[in-house]
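The next block holds one structure in the form of structure tokens; read it before the comments.
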Number of protein chains: 2
Amino acid sequence: MAGTKERILDGSLELFNNRGVQAVTTNHIADHLNMSPGNLYYHFRSKEHIIRSLFERIDADARAVMAPLPTPVSPQQWAEVFLHGLDTVWRYRFFFANIVEIAGRDDMLASRLRALTRWILDWTTGAIDALIEQGSMTPLAPGDRRRLAENVFIIIWNWTSYAVAFRGESRLHEIDAREGVLHSMLLLMPYFEPEFAERVRAAIDRTTVG
Amino acid sequence: MAGTKERILDGSLELFNNRGVQAVTTNHIADHLNMSPGNLYYHFRSKEHIIRSLFERIDADARAVMAPLPTPVSPQQWAEVFLHGLDTVWRYRFFFANIVEIAGRDDMLASRLRALTRWILDWTTGAIDALIEQGSMTPLAPGDRRRLAENVFIIIWNWTSYAVAFRGESRLHEIDAREGVLHSMLLLMPYFEPEFAERVRAAIDRTTVG
DNA sequence: GTCTATAAATGGATAGAC
DNA sequence: GTCTATCCATTTATAGAC
């Protein structure tokens, strides 16, 4: 069958998310898909390679979500980027929750991840600059712009882990992405123009995602 | 020997931090300590129990660091709590980096962790309230106070993971805790009175920890 | 492309001597 | 308290038939 590789990736993702990467073995994945271990290994040389392929999806997703913003940036667009970003983190939450172990055992993936991270941080810093330029945000010291971008990144990255581990959100149901976005947005709110801030808040309320 | 339990905990911590919890087996730990696996199992029934004992240390540490603050809160005290908090996260970084997997496989630990988290968030929210009351901070909506506390918590919790995985900080050397504290403090800065903000910044610069 | 069967290695854990 | 020896279960991965 043609779509076997994709089926394996989809099944692996589901199991990783719900049971944890570590707890899921290649045999579990094969079982889950009513497939033989031999067949699975025909398509992927190892569990590591499955994870790498899942990272490719994340990478593509992230770069698609963070397309160049048209000027001026509208509150609606701004809110959508965050909602989609958080949605991606949720859909691949096993990856974001276990990044230290995953990257620690695959140098190749670790270096590609660092590249993606730089890209995201550059995009975010650039977007903040654009907002400042168009008068929607009050200026900050250059060092603090980068720090702010990094903070937003860290909050989005870890929001689902926090929600699952500390708030006890079910591992099987959707968390409230909106609440996560409100958290990350709170970092920027003090710097937004009052009207822009208000319109971002409203956009978060009315936009659905996923 | 009397201190064997502590030796096991110290050795495990070192290995977990430097090689990853998952990669470290009970046999590795025994080897590392020139001790037999049998002896290790005499002191701890399983790897899970070792991790639980390490959590006990973290729990005690956190509650000690976050002692009730005298009023009024000085910028120096405020800075010190954050520096010590970040230092604890660094010393037990394996735990903070792998919390989802660890808590996902030990319900007992997970529930104790949730209790500690609530305690820390309550402390932080209370401290923010105190700062507002004494006029060092401008008021926020109640919901936003909690969100702010949660954001600070998430940044401190994940700063070392971020530093290791994305900035490529060595796994063997001290990261710059100061930079992490500056990141978390940036969340609060917009709400601080200018003079209080300045004195906090100065306190972070001159205080050493660890 | 897919299966069955199984090799090879590892890791958690225990028994029993000292 | 500590060691040696070892069992058992799990996991990765491959060989070879279909």
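The sequence lines fix the lettering, A, B, ..., with proteins before strands; numbering per chain opens at 1.
The shortest side-chain heavy-atom distance between A:Ile29 and A:Ile50 falls under the 4.5 Å cut-off.
For B:Phe95 and B:Phe16, the gap between ring centers reaches or exceeds 6.0 Å.
The pair A:Lys47-A:Asp106 does not meet the salt-bridge criterion, since no charged nitrogen lies less than 4.0 angstrom from a carboxylate oxygen.
Put simply, CG on B:Asp31 is 11 Å from P on D:dC3, counting in whole angstrom units. Rounded to a whole Å, the CG atom of B:Asn39 is 15 Å from the P atom of C:dT14. In this structure, B:Asn34 atom CG and D:dT4 atom C1' are separated by 16 Å, rounded to whole Å. Distance, B:Ile50 CD1 to C:dG11 C1': 13 Å, rounded to whole Å. Residue B:His43 contributes atom NE2, which lies 8 Å from atom C1' of D:dT2 at whole-angstrom precision. Counting to the nearest Å, the P atom of C:dG12 and the CZ atom of B:Phe44 are 15 Å from each other. Put simply, CG on A:Leu40 is 15 Å from C1' on C:dT4, counting in whole angstrom units.
In this structure A:His49 satisfies the side-chain contact (heavy atoms from CB on, under 4.5 Å) test together with A:Phe44, A:Arg45, A:Ser46, A:Arg52, sequence neighbours excluded.
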**OP:** Show your working on ring-ring contact (aromatic ring centres under 6.0 Å, His included) between A:Tyr162 and A:Trp157 and close with a plain yes or no.
**Re:** CA-CA 10 Å; A:Tyr162 171 76; A:Trp157 186 284; over 10 Å; no
Subject >> Sequence-aligned protein contact record of nucleotides 11-18 of chain D, with B where the base is within under 4.0 Å of a protein heavy atom and S where only the sugar-phosphate is >> reply: SBBB----
Do any side-chain atoms of residues 108-119 of chain A form donor-acceptor pairs under 3.5 angstrom with protein atoms, and if so which ones, sequence neighbours left out?
{"from": "A:Arg112", "atom 1": "NH1", "to": "A:Glu56", "atom 2": "OE1", "distance (Å)": "2.9"}
{"from": "A:Arg112", "atom 1": "NH1", "to": "A:Glu56", "atom 2": "OE2", "distance (Å)": "2.6"}
{"from": "A:Thr117", "atom 1": "OG1", "to": "A:Leu113", "atom 2": "O", "distance (Å)": "2.8"}

